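What follows is a single structure, written as structure tokens, with notes after it.
One-based numbering along the sequence shown. In this text the structure is predicted, and so the values were computed from the model without any measurement.
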Amino acid sequence: MPKLHQIVERHWQRPYPLLSLLLKPFSWLFGKIAAKRWRDFLAGRLKSEKLPVPVVVVGNIHAGGVGKTPVTAALVNGLTARGIRAGIVSRGYGREGGGTYVLNEQSTAAQAGDEPLLLYRQTGAPVAVGARRAEAGRALLAAHPDIQVIVADDGLQHYALQRDVEIAVFPAADTGRTDLDLLPNGSLREPLSRLDSVDAVVVSGGKADASFAPSENMFHSRIETGQIYRLNQPSEILNTGRLKNQTVVAVAGIAKPERFFDSLRNMGITLNQTVALPDHADIAAADLPNADAVIITEKDAVKFSDDLNLNHVWVLPVCAIIEPDLAAFVLERLKDSRQVV
């Protein structure tokens with residue numbers, strides 16, 4: 001029997017008329033609260049801290065996964081390639097404990113959260129996590145005073161942190177929809193009009209519908225898959241041809257696991273079983289199904305100990321390709337606002 005959150009998420013994609021009737025009043029109230037917070041932020045009525053270096057927020061107005069973390073990684077890598085020392089702050093969703101934490105080489109997903117640890121490993125940039133992003137930013141600058149710009153992974157609605165550039169990631173599949181609504185009747189955390197105020201919109205996972213034009217600065221991102229490698233041994237590449245007569249299982253604890261499963265199928269891999277876990281779910285070796293080969297996401301791979309030797313577990317790496325050049329746009333934006341880095 002489907003769980004309540006599964007029913008609601010299906011409703012967000014294909015609305016049920018009766019459920020819409022029940023949830024619509026709550027979405028109206030949610031919208032009033034969201035609009036007031038935005039107006040209070042603009043008017044300076046919300047306490048908001050400015051850090052000593054420019055802050056770029058990469059966020060979204062959806063409650064579900066929209067490909068934001070790969071966009072953050074691509075932006076940070078693009079800035080690094082231009083000689084800019086970038087750091088990352090994040091809430092650190094799903095981590096154990098609270099407070100502010102600056103990642104290091106020994107950090108675990110339990111300490112930092114799976115996405116911040118993934119960003120740390122993918123980009124090599126300094127990362128700090130904390131529910132209060134301004135505190136995380138200060139801790140990051142104290143540990144790495146050479147940082148020139150901070151990129152906030154998520155936090156478009158975290159108005160306690162001042163920002164110099166706002167980037168909203170929006171899924172291509174929703175650009176032509178006319179039935180989008182605010183929580184809980186729909187998946188939006190803020191109304192679509194919020195996109196009119198951001199500096200740029202990155203449409204993820206395809207081309208935008210012709211009717212979608214919330215910003216004059218629109219970018220598109222697509223996900224590219226890399227070569228599948230053995231868990232904790234990235235130099236060992238999987239020969240997918242050897243999987244032909246083997247039992248292959250794919251496991252994913254991400255927001256939209258079908259994307260991962262489809263990517264593997266598009267690579268010509270026959271999956272005997274797929275296991276979709278909740279987003280950010282804890283996963284250990286004992287949780288993996290019996291199979292000749294188990295393929296997992298990089299987001300799930302960071303949850304396994306670095307010294308764990310599971311020869312049958314493989315990892316599919318992905319990266320976002322953003323067009324036109326988002327890093328160049330951000331640097332130009334900061335120069336225009338005299339926040340030169």
Side-chain angles (χ1 to χ4, degrees), residues 56 58-60 62 64-82 86 88 114-125 151 153-154 167-175 200-209 217-241 243 248 250-271 274 276 279 293-302 313-330:
V56 179
V58 179
N60 62 73
H62 282 73
V66 298
K68 169 186 51 60
T69 299
V71 168
T72 300
L75 172 59
V76 171
N77 285 332
L79 293 171
T80 302
R82 287 165 175 75
I88 301 171
D114 49 14
E115 289 175 347
L117 183 55
L118 177 60
L119 285 168
Y120 180 75
R121 294 182 177 180
Q122 283 185 334
T123 67
V151 177
D153 177 44
D154 207 355
I167 299 167
V169 183
F170 196 90
D174 282 356
T175 58
V201 174
V202 178
V203 177
S204 62
K207 291 293 183 181
D209 186 86
N217 302 308
M218 192 138 64
F219 297 77
H220 289 84
S221 74
R222 68 180 189 277
I223 294 297
E224 285 196 354
T225 57
Q227 293 182 302
I228 300 173
Y229 61 86
R230 195 185 299 276
L231 177 67
N232 294 331
Q233 300 177 55
S235 62
E236 290 193 39
I237 304 302
L238 174 65
N239 178 359
T240 55
L243 299 177
V248 182
V251 179
I254 58 178
K256 296 183 178 177
E258 278 304 324
R259 292 178 181 172
F260 172 65
F261 303 147
D262 288 341
S263 293
L264 294 174
R265 294 185 183 106
N266 291 337
M267 297 172 73
I269 298 173
T270 299
L271 301 177
T274 60
D279 194 14
V294 176
I295 307 176
I296 62 177
T297 71
E298 281 192 303
K299 180 174 168 178
D300 293 311
V302 301
V313 180
W314 301 85
V315 183
L316 175 68
V318 299
C319 68
I321 306 298
I322 306 172
E323 296 174 334
D325 193 324
L326 185 60
F329 167 82
V330 167

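To the nearest 0.5 Å, atoms NZ (Lys256) and CZ (Phe261) are separated by 14.5 Å. Here CE of Met267 is found 13.0 Å from CG of Asp262. Values are rounded to the nearest 0.5 Å. To the nearest 0.5 Å, atoms CD1 (Ile321) and CZ (Arg222) are separated by 5.5 Å. The line from CD1 of Ile223 to OG of Ser204 is 8.0 Å long, rounded to the nearest 0.5 Å. Atom CZ of Phe170 and atom NE2 of His220 lie 12.0 Å apart (nearest 0.5 Å). If you take OG1 on Thr274 and CZ on Arg265, they are separated by 6.0 Å, rounding to the nearest 0.5 Å.
In plain terms, the two heavy atoms of Phe260 and Ala250 that are nearest each other are CE2-CB, 4.0 Å. What you find for Lys299 and Gly253 is that their closest heavy atoms are CE-O, 4.1 Å. Among all heavy-atom pairs drawn from Asp325 and Ala327, the shortest one is OD1-N, 3.1 Å. Closest non-hydrogen pair, Pro324 versus Phe219, comes out as O-CD2, 3.3 Å. Nearest heavy atom pair, residue Ala320 against residue Pro70, reads CB-O, 3.6 Å. Shortest non-hydrogen contact noted between Lys207 and Val203 is C-CG1, 4.4 Å.
Contact check for His62 versus Asp174: side-chain heavy atoms found under the 4.5 Å cut-off. Within the 4.5 Å cutoff, no side-chain heavy atoms of Val251 are placed close to those of Ile295. Side-chain atoms of Arg230 and Leu238, non-hydrogen and from C-beta on, never get closer than 4.5 Å to each other. Put simply, the side chain of Ile167 does not reach to within 4.5 Å of the side chain of Val201, judged on heavy atoms. Here the side chains of Gln227 and Pro317 are not in contact, with every heavy-atom distance at 4.5 Å or above. Using a 4.5 Å heavy-atom threshold, the side chains of Asp300 and Val302 count as separate. Put simply, the side chain of Leu316 reaches to within 4.5 Å of the side chain of Ser263, judged on heavy atoms.
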Can Ile228 and Val315 be said to form a side-chain contact (heavy atoms from CB on, under 4.5 Å), step by step?
CA-CA 5 Å; Ile228 300 173; Val315 183; 5.8 Å; no
Take Thr72 and Leu119 through the side-chain contact (heavy atoms from CB on, under 4.5 Å) test and state the conclusion after the steps.
CA-CA 8 Å; Thr72 300; Leu119 285 168; 4.2 Å; yes
Can Leu243 and Thr270 be said to form a side-chain contact (heavy atoms from CB on, under 4.5 Å), step by step?
CA-CA 8 Å; Leu243 299 177; Thr270 299; over 6 Å; no
Which is it for Asp154 and Val58 under the side-chain contact (heavy atoms from CB on, under 4.5 Å) test, yes or no, and what are the steps along the way?
CA-CA 5 Å; Asp154 207 355; Val58 179; over 6 Å; no
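With no hydrogens or angles considered, no side-chain donor-acceptor pair links Tyr120 and Glu115 at under 3.5 Å. Neither side chain, Thr123 nor Asn77, offers a donor N or O lying under 3.5 Å from an acceptor on the other.
Put simply, the side chain of Thr175 gets close to the backbone of Asp209: a donor and an acceptor are under 3.5 Å apart.
Around atom CD of Glu236, more than 12 heavy atoms belonging to other residues, nucleotides or ligands sit under 6.0 Å away.
Between Glu298 and Arg121, none of the side-chain N atoms (NZ, or NE/NH1/NH2) sits under 4.0 Å from a carboxylate O, so this pair counts as no salt bridge.
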